[in-house]
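Naming convention: chains lettered A, B, ... in sequence-line order (proteins, then strands); numbering from 1 in each chain.
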There are 2 protein chains.
Amino acid sequence: MSNKPSIPQGTRDFSADVIRKRNHILATIKTVFELYGFQPLETPAFENLETLMGKYGEEGDKLIFKILNNGLNDPKNIDKAKNGFEKVLEGKNSVDVTERALKYDLTIPFARYVAMNHTKLTFPFRRYQVQPVWRADKPQRGRYREFTQCDADVVGSHSLMNDAEFALIYDEVFNRLGLKGYELRINSRKILSALAQACNASGKLTDITVAIDKLDKIGIEKVKAELVARGLTEGQVSIVEKYISIDGSNTEKIGELTALIGHIEESGAGLTEIKKVLAHTEGKNVIVDFTLARGLNYYTGIIYEAKAPANVQMGSIGGGGRYDDLTGLFGVNGIPGVGISFGVDRIYDVLEELQLFPADLQVSTKALFFNMGEKESAVAFDVMQRLRKAGVACEMYHKEESKIAKQFNYAEKKNIPFAVIIGSKEMEQQRCQVKDLATGQQKELAFEDLAAFFNSNEGLPK
Amino acid sequence: MSNKPSIPQGTRDFSADVIRKRNHILATIKTVFELYGFQPLETPAFENLETLMGKYGEEGDKLIFKILNNGLNDPKNIDKAKNGFEKVLEGKNSVDVTERALKYDLTIPFARYVAMNHTKLTFPFRRYQVQPVWRADKPQRGRYREFTQCDADVVGSHSLMNDAEFALIYDEVFNRLGLKGYELRINSRKILSALAQACNASGKLTDITVAIDKLDKIGIEKVKAELVARGLTEGQVSIVEKYISIDGSNTEKIGELTALIGHIEESGAGLTEIKKVLAHTEGKNVIVDFTLARGLNYYTGIIYEAKAPANVQMGSIGGGGRYDDLTGLFGVNGIPGVGISFGVDRIYDVLEELQLFPADLQVSTKALFFNMGEKESAVAFDVMQRLRKAGVACEMYHKEESKIAKQFNYAEKKNIPFAVIIGSKEMEQQRCQVKDLATGQQKELAFEDLAAFFNSNEGLPK
């Protein structure tokens with residue numbers, strides 16, 4: 001056994017300062033979800049392997065962390081395990097080796113939950129879920145093997161009011177986080193479908209979508225080349241080019257789109273979805289973007305993508321959309337829905353870069369009581385307990401320490417803003433010295449005035 | 001692939017009502033930890049296998065969930081994987097098959113964290129940690145494969161003030177949860193060690209401890225029989241019998257113990273620890289129990305065990321103790337500490353049985369806005385947005401529904417206490433009907449008075 005401890009690649013320990021910042025983001029999102037009537041759900045870290053397999057495409061399946069069955073060396077398991085492992089070495093799965101796997105996202109476990117409980121749930125069912133997921137991706141900057149997803153979905157309703165509310169939720173969350181320059185881009189999959197129909201290339205919807213999705217990265221010429229490579233004719237490419245060249249205000253874009261493919265019936269349905277969202281988000285940063293495609297094939301209506309302010313190199317910090325069928329894969333049909341996700345780790349990096357975390361986030365323990373000797377510390381302990389009863393977080397230096405500088409040093413390193421000092425003189429007078437470690441200001445206060453002082457948040461005069 | 005979805009054995013989905021109750025417990029514990037100067041820490045769900053193996057005894061090791069390496073079918077891994085799997089089938093471990101494992105408790109990952117970061121941390125280091133852990137135990141009532149641990153530790157200090165503070169933390173948490181009849185039993189491992197010395201049987205400390213630990217379950221006669229079976233002489237058993245027969249108030253017990261083994265030097269050190277805790281917990285439910293042993297061998301000083309009120313069949317709802325060496329296993333010596341743990345799942349069951357969860361825990365969404373038609377619902381939506389801005393959680397019925405009973409039914413099923421109804425008449429007058437679904441009382445309010453009404457928490461007159 002190695003003596004040098006290490007942490008698994010692609011995972012992180014979160015110390016107190018990081019947790020407080022993460023909680024600031026998570027608490028903001030949860031509060032807004034609840035304001036909109038969403039209720040929390042939590043599912044286990046692992047699912048039965050068969051619940052997850054085949055849901056994320058071939059590449060996704062490879063990134064699922066599978067859990068080895070326990071007791072494989074038990075004589076009653078050993079033969080099956082051997083055969084099972086042969087399959088594993090062929091790249092297949094075997095429940096004789098792994099029955100369970102860590103969850104890869106929150107959507108499939110949510111679908112499993114709804115499928116299992118659909119007879120008991122009240123629809124429309126509005127749930128939010130904030131939990132870690134795990135992926136065996138190659139770790140790199142900003143990509144972790146354990147990271148937190150933050151989802152909300154409404155299922156069991158076709159109402160476009162839900163679609164509009166999610167745009168409002170994005171706006172409310174980003175405003176509360178101080179992320180003023182965010183952009184929420186929206187489109188409808190129905191518009192993309194109408195484009196394919198207008199090209200007389202409905203069979204090539206995925207090809208068109210995949211190519212358009214790369215516009216930001218590779219530019220219009222390369223998108224055109226890719227469309228040709230994917231078998232589109234010059235005429236078809238020309239329609240797509242006109243489509244992705246649509247520009248202007250939201251109203252202008254809708255006008256141009258209507259002129260280009262308004263004759264296709266499905267474009268009307270798509271525009272109805274988009275207009276519903278726009279009607280509810282006047283004056284907010286909602287931008288119609290007909291080139292927005294989103295990778296996942298299961299979206300069928302509105303799609304969203306939230307982008308960080310343009311002065312930060314980050315790109316997408318959230319996304320989602322409407323889908324027709326959440327639970328069909330689990331044998332329960334007819335449950336449509338719409339949902340969104342927040343990219344917590346990316347939002348964290350954006351707030352850090354823009355210095356948007358509130359300054360007072362890091363103060364938890366308000367005061368360090370100095371330990372000035374046996375009798376003094378016994379009195380100080382009682383005073384400290386009264387403060388704690390009054391809701392003021394505090395602690396006492398753990399031992400008598402004649403070098404007072406050591407006690408100051410401890411408070412500073414721990415980011416504790418105030419020192420409370422009770423020496424023999426103070427002890428007799430039932431008073432204490434309170435020192436603000438940031439300003440160096442000091443004040444003498446009676447024991448009974450301490451709680452009011454700390455709860456007033458006034459601090460000492462500079 | 002099976003179509004019938006299921007959840008892995010021994011795991012649970014937590015729906016909103018359960019999450020709110022669990023959060024009530026967790027938030028209470030976290031608040032008290034922070035009042036005492038503890039700061040949060042989070043570690044990943046999985047650790048490198050070698051961090052965990054060999055730390056929990058042979059039985060514990062078997063219950064660790066190991067994660068199968070990804071890409072075993074990659075030609076460059078396949079031979080090693082085959083050999084590694086042979087080892088697995090022999091009950092051994094192989095990093096060629098599993099490099100990682102789910103964490104089994106919070107203590108070893110904490111030790112790994114401290115060992116990795118000890119040069120950067122400020123000692124005494126006070127951390128708390130509330131996270132799930134996983135064990136491949138046979139599931140049964142009250143025992144799960146995924147459950148939450150809730151720990152706090154102070155490391156890097158020998159000060160007995162810390163030991164006393166943990167007793168106060170237990171008291172504060174249980175009082176805040178309304179668990180008045182709890183008992184905190186304390187002892188010191190040094191007292192048990194002194195007993196073994198008094199028996200002239202220091203080499204049999206573990207035998208004596210293990211036997212005494214069973215007193216509650218098997219009674220004094222069987223404990224004596226076990227001591228004989230473990231090789232103690234009649235004279236030695238007689239001393240142990242006197243020891244476990246010590247009874248009375250805390251003061252009486254300490255007197256009896258002093259009379260019995262006070263001549264052994266280590267008993268004095270143990271009593272100093274116990275008296276320090278008692279001095280800080282006068283009037284609280286702290287009971288000296290010299291028969292308290294606690295299973296884990298690494299405890300060296302004070303040990304705690306918290307018990308549910310006697311009117312609930314539950315037993316231990318928390319425990320902990322002082323240890324000499326947190327990180328020695330990871331090559332970093334000289335870091336002593338003391339810590340406690342709360343049994344969240346058991347506390348949940350106790351609060352449920354004693355009906356101690358606050359009644360208002362379950363109300364999140366305050367109002368359902370009825371959907372009375374296109375124009376009406378557009379107006380209602382604006383009113384709803386104003387309420388949300390004012391911090392009132394609400395939602396609107398998702399579609400126009402002529403059968404008003406359906407909308408009432410939805411609100412009731414979702415435990416939403418108020419209905420807000422804006423029909424065509426109300427719309428014109430900028431007023432709405434507010435109905436309390438519990439009492440059936442109804443009141444007409446102007447739009448601008450709604451937020452104040454819901455935030456006042458007054459409710460409607462009965």
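The pair A:Glu34-B:Arg20 meets the salt-bridge criterion, with a side-chain N (NZ, NE, NH1 or NH2) lying under 4.0 Å from an Asp/Glu carboxylate O. Here B:Lys276 does not pair with A:Glu374 in a salt bridge; the nearest charged N to carboxylate O distance is not below 4.0 Å. For A:Glu172 and B:Lys389, the salt-bridge test passes: some basic side-chain N is under 4.0 Å from an acidic carboxylate O.
Taking CD from B:Gln39 and CG from A:Asp17, the interatomic distance works out to 9.5 Å, rounded to the nearest 0.5 Å. Note: A:Phe46 CZ to B:Ile67 CD1 = 10.5 Å, rounded to the nearest 0.5 Å. Within the model, atoms CG of A:Asn73 and NZ of B:Lys87 stand 14.5 Å from one another, a figure rounded to the nearest 0.5 Å. Within the model, atoms CG of A:Leu68 and CZ of B:Arg100 stand 12.5 Å from one another, a figure rounded to the nearest 0.5 Å. Taking CG from A:Leu160 and NZ from B:Lys399, the interatomic distance works out to 13.0 Å, rounded to the nearest 0.5 Å. Taking CG of B:Leu35 as the reference point, atom CD of A:Glu395 lies at 12.0 Å (rounded to 0.5 Å).
Environment of CD in A:Gln362: crowded, with over 12 heavy atoms of neighbouring residues, nucleotides or ligands closer than 6.0 Å. A 6.0 Å sphere centred on NZ of B:Lys80 holds no more than 12 heavy atoms belonging to other residues, nucleotides or ligands. Within 6.0 Å of CD on B:Glu90 lie more than 12 heavy atoms contributed by other residues, nucleotides or ligands. Enclosure of atom NE2 in A:His158 is not indicated, since only 12 or fewer non-hydrogen atoms of other residues, nucleotides or ligands lie within 6.0 angstrom.
Contact annotation: the side chain of A:Pro44 never approaches that of B:Arg12 to less than 4.5 Å [non-hydrogen atoms, C-beta and beyond]. Residues A:Arg126 and B:Thr365 are not in side-chain contact: their nearest non-hydrogen atoms beyond the backbone lie 4.5 Å or more apart. Using a 4.5 Å heavy-atom threshold, the side chains of B:Glu165 and A:Met384 count as touching. Two residues are said to be in side-chain contact when any heavy atoms from C-beta on lie closer than 4.5 Å; A:Ile7 and B:Met116 meet this criterion.
Of the atoms belonging to B:Glu146, it is side-chain heavy atoms, and not backbone ones, that fall under 4.5 Å from chain A. Looking at A:Pro132, neither its backbone nor its side chain comes within 4.5 Å of chain B, counting heavy atoms on both sides. In this structure, the portions of B:Asn48 lying under 4.5 Å from any heavy atom of chain A include both its backbone and its side chain. Heavy-atom distances place both the backbone and the side chain of A:Ser157 under 4.5 Å from chain B. Using a 4.5 Å cut-off between heavy atoms, A:Ile416 makes no contact with chain B at all. With a threshold of 4.5 angstrom between heavy atoms, A:Arg112 approaches chain B through its backbone and through its side chain. Looking at A:Leu102, the atoms closer than 4.5 Å to chain B (heavy atoms on both sides) all sit in the side chain, from C-beta outward. In this structure, chain B has a heavy atom under 4.5 Å from the side chain of A:Gln385, while its backbone stays farther away. Interface residue B:Thr98: only side-chain heavy atoms are found under 4.5 Å from chain A. Only the side chain of B:Leu168 comes within contact range of chain A, judged by heavy atoms closer than 4.5 Å. For B:Val392, the part sitting under 4.5 Å from any heavy atom of chain A is the backbone (N, CA, C, O) and nothing else. In this structure, chain B has a heavy atom under 4.5 Å from the side chain of A:Thr51, while its backbone stays farther away. Proximity to chain A (any heavy atom under 4.5 Å) is shown, for B:Leu72, by both the backbone and the side chain. Within the 4.5 angstrom heavy-atom criterion, atoms from both the backbone and the side chain of B:Arg388 approach chain A.
Ranked by heavy-atom pairs under 4.5 Å with chain A, the list B:Ile19, B:Thr43, B:Leu41 is led by B:Ile19. Among A:Ala115, A:Ala101, A:Ala136, A:Ser364, the residue making the largest number of heavy-atom pairs under 4.5 Å with chain B is A:Ser364. Your options are B:Ala111, B:Gly37, B:Pro40, and the one with the most heavy-atom pairs under 4.5 Å with chain A is B:Pro40. Top candidate by heavy-atom pairs under 4.5 Å with chain B, chosen from A:Ala16, A:Pro8, A:Cys394, A:Ala81, is A:Pro8.
Between the side chains of B:Ser15 and A:Glu42, no donor N or O sits under 3.5 Å from an acceptor N or O.
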I'd like to know whether B:Phe85 forms a side-chain contact (heavy atoms from CB on, under 4.5 Å) with A:Val88, so could you lay out the CA-CA distance, the side-chain angles of the two residues, the decisive distance to 0.1 Å, and finally the verdict. CA-CA 11 Å; B:Phe85 200 69; A:Val88 171; over 6 Å; no

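In this structure, A:Tyr410 has its ring center at least 6.0 angstrom away from the ring center of B:Phe123.
With hydrogens and angles ignored, the 3.5 Å screen pairs a side-chain donor or acceptor of B:Asn70 with a backbone N or O of A:Lys62.
When all heavy atoms of B:Phe125 and A:Lys414 are compared, the pair lying nearest together is CA-NZ, 4.1 Å.
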